[in-house]
Number of protein chains: 2
Amino acid sequence: MNTLELIKKNLDTFSKSERKVAEAILASPQTAIHSSIANLAKIAEVSEPTVNRFCRRLDTKGFPDFKLHLAQSLANGTPYVNRNVNEDDGPEAYTSKIFESTMACLNAAKNGLDINLINRAVDVLTQANKISFFGLGASSSVAHDALNKFFRFNIPVSCFDDVVMQRMSCINCTEGDVIVLISHTGRTKPLVEVAQLARENDAFVIALTAADSPLAEQSNLVLSLGVPEDTDIYMPMSSRIAQLVLIDVLTTGFTLRRGAKFRDNLKRVKAGIKDSRFEKTED
Amino acid sequence: MNTLELIKKNLDTFSKSERKVAEAILASPQTAIHSSIANLAKIAEVSEPTVNRFCRRLDTKGFPDFKLHLAQSLANGTPYVNRNVNEDDGPEAYTSKIFESTMACLNAAKNGLDINLINRAVDVLTQANKISFFGLGASSSVAHDALNKFFRFNIPVSCFDDVVMQRMSCINCTEGDVIVLISHTGRTKPLVEVAQLARENDAFVIALTAADSPLAEQSNLVLSLGVPEDTDIYMPMSSRIAQLVLIDVLTTGFTLRRGAKFRDNLKRVKAGIKDSRFEKTED
DNA sequence: GATTTTCTTGTAGTTTTATTTCATTTCTAG
DNA sequence: CTAGAAATGAAATAAAACTACAAGAAAATC
């Protein structure tokens with residue numbers, strides 16, 4: 001738990017003098033971590049033992065230990081607090097807010113993931129005869145991205161971003177086929193129907209979507225990113241980034257699982273691209 | 001600069017005893033920040049002043065100050081150090097490595113951005129008659145994503161991921177058109193030619209690409225993400241994520257610049273989608 | 001190869017910083 | 001208004017960090 005947040009939350013549980021300490025710290029945390037206990041006591045206009053007691057109340061061993069905790073939470077740039085863009089932000093402000101909230105979001109997503117399910121998904125993908133990635137709207141770019149990555153493994157893989165093609169593809173499914181459906185909310189009707197159709201035709205359905213959504217219910221395996229987002233004005237930015245990173249994770253798992261033989265194959269594909277470039281490397 | 005990294009990098013500039021200290025810290029940074037100078041000296045089998053000298057050599061005021069620095073860099077989950085996936089990583093390991101290195105990469109990207117150029121890009125986009133997003137290969141999904149976002153602003157916007165269409169589109173360019181080219185390396189021949197073609201037809205060319213690349217030279221405005229990446233085996237994962245976040249930033253800047261009127265428009269587009277859903281929200 | 005110089009390291013002493021103890025003050029409840 | 005409890009700070013104690021200096025090792029010079 002972020003120390004600054006903790007202090008804010010417990011402001012009313014402190015005694016009068018202890019609150020003075022809290023406020024002094026909140027006013028300038030940077031000063032706090034670079035002060036001695038005597039100095040901070042003077043700033044807060046209390047005695048040294050009071051500062052010490054304040055530290056202990058926050059479950060630290062004492063003042064130096066408290067400074068350590070505080071320093072650590074400052075290092076994170078408080079990414080969880082108050083990072084929404086508002087109307088009068090300048091370029092500097094909205095740029096760092098977006099980057100920081102994206103990072104915070106990835107962090108949250110990481111902590112909320114079920115590693116066993118990921119492992120399971122990699123299993124399924126490794127054994128698939130054919131893999132298809134489906135997404136609609138904003139999620140279609142995630143599906144495309146997935147296609148791009150799996151394409152290099154030299155296995156049958158496809159990607160559709162319109163419902164008609166998705167349905168047609170599902171009808172031709174057989175056992176051993178894996179369909180990966182991508183939807184932030186899991187409430188896009190056509191996609192839920194596609195999931196149903198796929199399962200009726202014996203395909204294995206993996207969903208990258210919200211837990212407890214209609215789409216999740218229709219799927220064999222759900223990888224959910226617990227990333228709430230205000231989708232009312234701005235677009236589902238961060239959550240989509242998290243989906244992409246999840247695709248990265250699956251790709252990596254896939255690569256590792258299939259071992260060295262396949263990694264050679266990857267290199268060969270890359271080598272084949274080099275001709276169309278000024279130099280080496282990748283787009 | 002990350003303290004642990006700094007220690008590693010300077011390992012050979014230390015004297016024999018100081019290196020003992022460095023190694024003791026690297027072996028268990030967590031122990032280090034919770035030890036007194038006497039304790040750490042004992043662990044490293046040196047004297048206390050040696051530890052103190054070691055701290056000063058790293059440009060800190062002394063041992064307590066050093067602990068603060070170290071604590072801060074530990075708080076970031078050591079994302080900069082040694083985060084490459086290797087063959088025998090389990091799901092847990094590669095998942096967190098990928099998430100963490102992506103976050104680190106975003107952080108690096110954020111710090112390397114030129115805010116003025118972003119502001120300039122937003123300016124140009126806001127005044128464009130027509131916006132086109134071009135990408136090839138892995139970058140095409142970024143272009144699609146951009147299309148998806150700008151599409152909602154109710155301005156002429158298009159996206160092509162094959163060279164032929166891109167060239168055709170460029171030939172029809174007129175002054176006031178803006179072309180956004182996306183390429184991780186900036187060395188994809190066809191895309192560089194497209195940039196040339198677009199400029200010959202009076203379009204304004206914005207490139208999301210590496211600085212000092214052929215593509216950068218052919219563009220009117222370059223937004224570069226200084227994100228080096230080992231593209232030899234794994235794909236350009238993190239850098240592409242950074243590009244996407246940059247698109248988010250541009251979109252946000254665009255939204256803010258055009259003011260409240262346009263934000264209403266966004267809401268209307270959203271409302272129009274709702275019918276095709278089980279509930280509200282967005283994919 | 002010896003000798004001087006420089007750099008490195010540790011011991012012991014000093015100073016700074018943090019913590020504990022305890023007396024005083026300030027609330028709170030009857 | 002007073003007994004008891006809680007909060008606070010002064011002073012003393014303990015701990016930690018730092019400094020000065022001297023002994024020893026390594027490097028350079030003759």
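Chain naming here is simple, since letters A, B, ... match the order of the sequence lines and numbering starts at 1 in each. These values consider heavy atoms only, across backbone and side chains, with no hydrogens, waters or symmetry-generated copies.
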(request) Please work out if A:Val46 contacts a base, only the sugar-phosphate, or nothing of the nucleic acid, heavy-atom cut-off 4.0 Å. (result)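 The residue A:Val46 makes sugar-phosphate contact but no base contact.
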(request) Quick one: list whatever passes salt bridge (charged side-chain N to carboxylate O under 4.0 Å, His left out) with B:Asp114, sequence neighbours left out. (result)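 Salt bridge (charged side-chain N to carboxylate O under 4.0 Å, His left out) check on B:Asp114 returns nothing, list empty.
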Of all residues at least two apart in sequence or in a different chain, which pass the ring-ring contact (aromatic ring centres under 6.0 Å, His included) check with [X]?
X	result
A:Phe99	none
A:Phe14	A:Phe54
B:Phe63	none

(request) Kindly say if A:Ser47 contacts the phosphate of D:dA10, meaning a side-chain N or O under 4.0 Å from OP1 or OP2. (result)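 The answer is no; no side-chain N or O of A:Ser47 sits under 4.0 Å from OP1 or OP2.
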In this structure, how many angstroms lie between the [atom2] atom of [N] and the [atom1] atom of [X], rounded?
X	N	atom1	atom2	answer
A:Arg57	D:dT8	CZ	C1'	12 Å
A:Arg53	C:dT19	CZ	C1'	11 Å
A:His34	C:dT17	NE2	C1'	16 Å

(request) Please tell me if the side chains of B:Asn52 and B:Phe66 come closer than 4.5 Å, counting only heavy atoms from C-beta onward. (result)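 No. Closest side-chain heavy atoms not under 4.5 Å.
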(message) One character per nucleotide, please: for nucleotides 13-18 of chain D, 5' to 3', B when the base has a protein heavy atom closer than 4.0 Å, S when only the sugar-phosphate does, - otherwise.
(response) ---SSS
(request) Within residues 13-32 of chain A, find the residues that approach DNA chain D with a heavy atom at under 4.0 Å, and present them sorted by residue number. (result)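 Contacts with DNA chain D under 4.0 Å: A:Ser15, A:Lys16, A:Ser17.
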Let me have the donor-acceptor pairs involving side chains of residues 17-25 of chain A, under 3.5 Å, with sequence neighbours excluded, atom names and distances please.
| residue | atom | partner | partner atom | Å |
| --- | --- | --- | --- | --- |
| A:Glu18 | OE1 | A:Ser15 | N | 3.3 |
| A:Glu18 | OE1 | A:Arg57 | NE | 2.9 |
| A:Glu18 | OE2 | A:Arg57 | NE | 3.1 |
| A:Glu18 | OE2 | A:Arg57 | NH2 | 3.0 |
| A:Arg19 | NE | A:Leu11 | O | 3.3 |
| A:Arg19 | NH2 | A:Leu11 | O | 3.3 |

(request) Name all pairs fulfilling the salt bridge (charged side-chain N to carboxylate O under 4.0 Å, His left out) condition that reach into residues 27-50 of chain A, sequence neighbours left out, sorted by first residue then second. (result)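 Checked against salt bridge (charged side-chain N to carboxylate O under 4.0 Å, His left out) - neighbours excluded - no pair reaches residues 27-50 of chain A.
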(request) Identify, with sequence neighbours excluded, every residue that meets side-chain contact (heavy atoms from CB on, under 4.5 Å) alongside B:Asp123. (result)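 B:Gln127, B:Arg257.
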